Structure formats: C-alpha cells, structure tokens
Amino acid sequence: MQFTSEQHFDDGVLEREFTLGEIPGTLWTPGSAAPAPLILMAHNNGLPKGESRLVARARQSAASGYAVASIDAAGCGDRPRSAVDERARADLRRAMAAGEPVDEIFESFIGPLVEKAVPEWRTTLDALLSLPEIGGPVGYSGWTAVGIRLAVVEPRITAAGFFAGGYVPRAQREEARQVTIPLLLLLQWDDEGNPRQRALDLFDAFGTEEKTLHANMGGHTGTPWFEVEDGGRFFARHLK
C-alpha cells in the first residue's frame, strides 16, 4: 500500500489517498493515537469513492473514532470499464428512457461488478489491517450486493449497514440467507429505482437474528442525515 497524498482537517481527521497495485483508495483516520476500528465504505453500484455523500459519511465516522476506507474496485468509479459493461450501461439508459424492464440488463453488469469487486476489497482489507493505526474489529457500510458477498466470505467483518437503493443480483439475494452478522438496512420508501417489496423480501431473507430495518419516506437520494448518526450508534454497539 502506497500513500500518495494526505490532508488534515480541523476535527483531527486525516484523509490519505493510496494505491494498492491497481486499486485506488482513500483512508480516513481519527486524530486519536490508539488503533481504531475499521469501516469499509462502498458506494452503490460502482459510483466513485470520491462521491460527496460517501465522503461526508466517511468523515463523520472518522471524526467519531473509526478508520474508514473506500476504494474504486475494478469497473467502478474512474477505473476502466469493459466494452461489455459500457454496452450494458447504454442499454440500461435506453431501456429506462423507454420505460422497458431493466432487471436483466442490471444482472448483466452488476453481477460481474460484484465478482470483480469482492476480491479487491479483501486484498485492501489485508493491507489496512497491517497498518498500526488500525486495530479492528471491522464493519461494512454501503453497497448491498458487495456487502452481502463480503459478509458471507469474509469472517473479519462483524457488522454491516446496507443501503437498499442499489440493484441486488439474484445470486446475492440467495446468499443473503447466509448472512449471520448484525445488520442495519436503510430503505427509501419511494425509491424510484428499487421496488419496495423486493427490498422488504431481501430484509426478510437475511439469515441473521439481529437485523434492523430503517425506512424513510422519499426517493433514492433522500436518506435523511440522522440515519448517519443512527448508523454510528449501530457501529458503536458492534465495533467498540
């Protein structure tokens, strides 16, 4: 892991950009000297790690005493996308504009994104836990499809907060039954891109006995800020 830049903020948070092979990432750490618990933070469906809402959540969590890391996994953010992915995205835009079904198009590129992203997240986790300023335990926040797979294959993740606003491939909907860690699922009741019943069915499918659903009125980007604070309390129960 090579750090390429750093920025100090008035609240004591240190933000550092890094590269790990071909993986670009950002690490936020609190001002305290003690090793901090870690939260892996991923944006839905491949949006960049520098997206403003993710950065705001990351800085809030770091100021509360967590190390927070985000990456642009393969095919995500500013990293190159395959010609197949680009065609799928173009097909998606066309189908949405025409009001046509889009599930199979989502399957064609979100499924492969998950398959590519999870190994890179695990590689990143290996490197992060070798840093003296990070001590674990580890939580996960964000992109539901990737989070489900990570929760199934990565025993170091002990709690997860998922956002129900991104498409979850059929494979991950089945894997949800294997998720047994404490879970918080955020749902926007009127999310224009995510059928409400599908999100409720997914919540019901999770295998954990400790799961909480927070539903708020509003569309896809309308999640109220107090959910960040509630998420902080959720992670405090399980990571500190």
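If you're wondering where the values come from, they're calculated on a predicted model, not measured in any experiment.
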Visitor: Find out whether H214 and P224 are in side-chain contact, i.e. whether some heavy atom of one side chain is under 4.5 Å from a heavy atom of the other.
Guide: no
Visitor: Using a cut-off of 6.0 Å, state whether more than 12 heavy atoms not belonging to E209 lie near its atom CD.
Guide: no
Visitor: Please step through side-chain contact (heavy atoms from CB on, under 4.5 Å) for the pair H238 and E210, ending with a clear verdict.
Guide: CA-CA 11 Å; H238 300 292; E210 188 173 346; 2.8 Å; yes
Visitor: Could you list the residues that satisfy salt bridge (charged side-chain N to carboxylate O under 4.0 Å, His left out) with R93, not counting sequence neighbours?
Guide: none
Visitor: Quick one: pull up CZ in R196 and CG in D201 and give me the separation to the nearest 0.5 Å.
Guide: 12.5 Å
Visitor: Would you call the rings of F235 and Y66 parallel, tilted or perpendicular, where under 30° means parallel and over 60° means perpendicular?
Guide: perpendicular
Visitor: Classify the side-chain pair E15/H8 by whether it contains a donor and acceptor separated by less than 3.5 Å.
Guide: no
Visitor: Tell me whether L14 shares a hydrophobic cluster with I134, the cluster being built from Ile, Leu, Val, Met, Phe, Trp, Tyr side chains joined at under 4.5 Å.
Guide: no
Visitor: Evaluate the criterion side-chain hydrogen bond (donor to acceptor under 3.5 Å, both in side chains) for residue pair E107 and Y167; output intermediate values, then yes/no.
Guide: CA-CA 8 Å; E107 285 283 339; Y167 182 81; 2.7 Å; yes
Visitor: Between the side chain of R16 and the main-chain N/O of F3, is any donor-acceptor distance below 3.5 Å?
Guide: no
Visitor: Which heavy atom of I148 sits nearest to which heavy atom of F162, and what is that distance?
Guide: N-CZ, 3.7 Å
Visitor: Rounded to the nearest 0.5 Å, how far does CZ of R57 lie from CD1 of I39?
Guide: 10.0 Å
Visitor: Does V153 share a hydrophobic cluster with L128, counting links as ILVMFWY side-chain heavy atoms below 4.5 Å and allowing steps through other members?
Guide: yes
Visitor: Would V146 end up clustered with L185 when hydrophobic side chains under 4.5 Å apart are linked, directly or stepwise?
Guide: yes
Visitor: Has K211 got its NZ or CZ under 6.0 Å from the middle of the six-membered ring of F203, at an angle within 45 degrees of the ring axis?
Guide: yes
Visitor: With R177 as the cation and F206 as the aromatic partner, state whether NZ or CZ is under 6.0 Å from the six-membered ring centre and within 45° of the axis.
Guide: no
Visitor: Measure the shortest side-chain to side-chain distance between W143 and H43 over non-hydrogen atoms and say whether it is less than 4.5 angstrom.
Guide: no
Visitor: Once you round to the nearest 0.5 Å, how far does CD1 of I157 lie from CG of L150?
Guide: 4.5 Å
Visitor: Of all heavy-atom pairs between R53 and E51, which one has the smallest distance, and what is that distance?
Guide: N-OE1, 2.7 Å
Visitor: Under the criterion side-chain contact (heavy atoms from CB on, under 4.5 Å), I'd like the reasoning laid out for L27 against L131: C-alpha separation, chi angles, the key distance, then a yes or no.
Guide: CA-CA 11 Å; L27 174 64; L131 298 175; 3.9 Å; yes
Visitor: Evaluate the side-chain proximity of V138 to L129: yes if any heavy-atom separation is below 4.5 Å, no if none is.
Guide: yes
Visitor: When rounded to the nearest 0.5 angstrom, what distance separates NZ in K240 from CZ in R233?
Guide: 12.5 Å
Visitor: State, yes or no, whether a side-chain contact exists between D103 and R198 at a heavy-atom distance under 4.5 Å.
Guide: yes
Visitor: Consider only side-chain heavy atoms of I, L, V, M, F, W and Y, link residues closer than 4.5 Å, and tell whether L54 and F234 are in one cluster.
Guide: yes
Visitor: Would a distance-only check, ignoring hydrogens and angles, find a side-chain to backbone donor-acceptor pair under 3.5 Å from N216 to L187?
Guide: no
Visitor: Taking only residues two or more places apart in sequence or in another chain, which ones pass side chain to side chain contact (heavy atoms under 4.5 Å, CB included) with A58?
Guide: W28, M41, V68
Visitor: Quick check: closest heavy atoms across A176 and L202, and the distance to 0.1 Å?
Guide: CB-CD1, 3.8 Å
Visitor: For D72 and K49, which heavy atoms make the closest approach, and how far apart are they?
Guide: OD1-N, 2.8 Å
Visitor: Q60 versus W225: any side-chain heavy-atom pair under 4.5 Å?
Guide: yes
Visitor: Is a side-chain donor-acceptor pair under 3.5 Å present for S5 with E17?
Guide: no
Visitor: Once you round to the nearest 0.5 Å, how far does CH2 of W121 lie from CG of D126?
Guide: 13.0 Å
Visitor: Between D190 (side chain) and G219 (backbone), is there a donor-acceptor pair under 3.5 Å?
Guide: no
Visitor: For the atom pair CG (L186) and CG (L213), what is the distance rounded to the nearest 0.5 Å?
Guide: 8.5 Å
Visitor: Side-chain heavy atoms nearer than 4.5 Å, only ILVMFWY residues, links allowed to pass through others: does that put L239 and L183 together?
Guide: no
Visitor: Could R79 and E120 be called an ion pair, given the rule that one side-chain N must be under 4.0 Å from one carboxylate O?
Guide: yes
Visitor: Work out which heavy atom in A67 is nearest to a heavy atom in P30; give both atom names and the distance.
Guide: N-CD, 4.1 Å
Visitor: Who are the side chain to side chain donor-acceptor pair (under 3.5 Å) partners of R149, not counting sequence neighbours?
Guide: E115, E175
Visitor: Taking C-beta and beyond as the side chain, do F18 and Q2 meet within less than 4.5 Å on heavy atoms?
Guide: no
Visitor: Examine distances only and state if a side-chain atom of T144 and a backbone atom of F163 form a donor-acceptor pair shorter than 3.5 Å.
Guide: yes
Visitor: Tell me the closest heavy-atom pair linking I181 and T208, and the distance in Å.
Guide: O-OG1, 3.0 Å
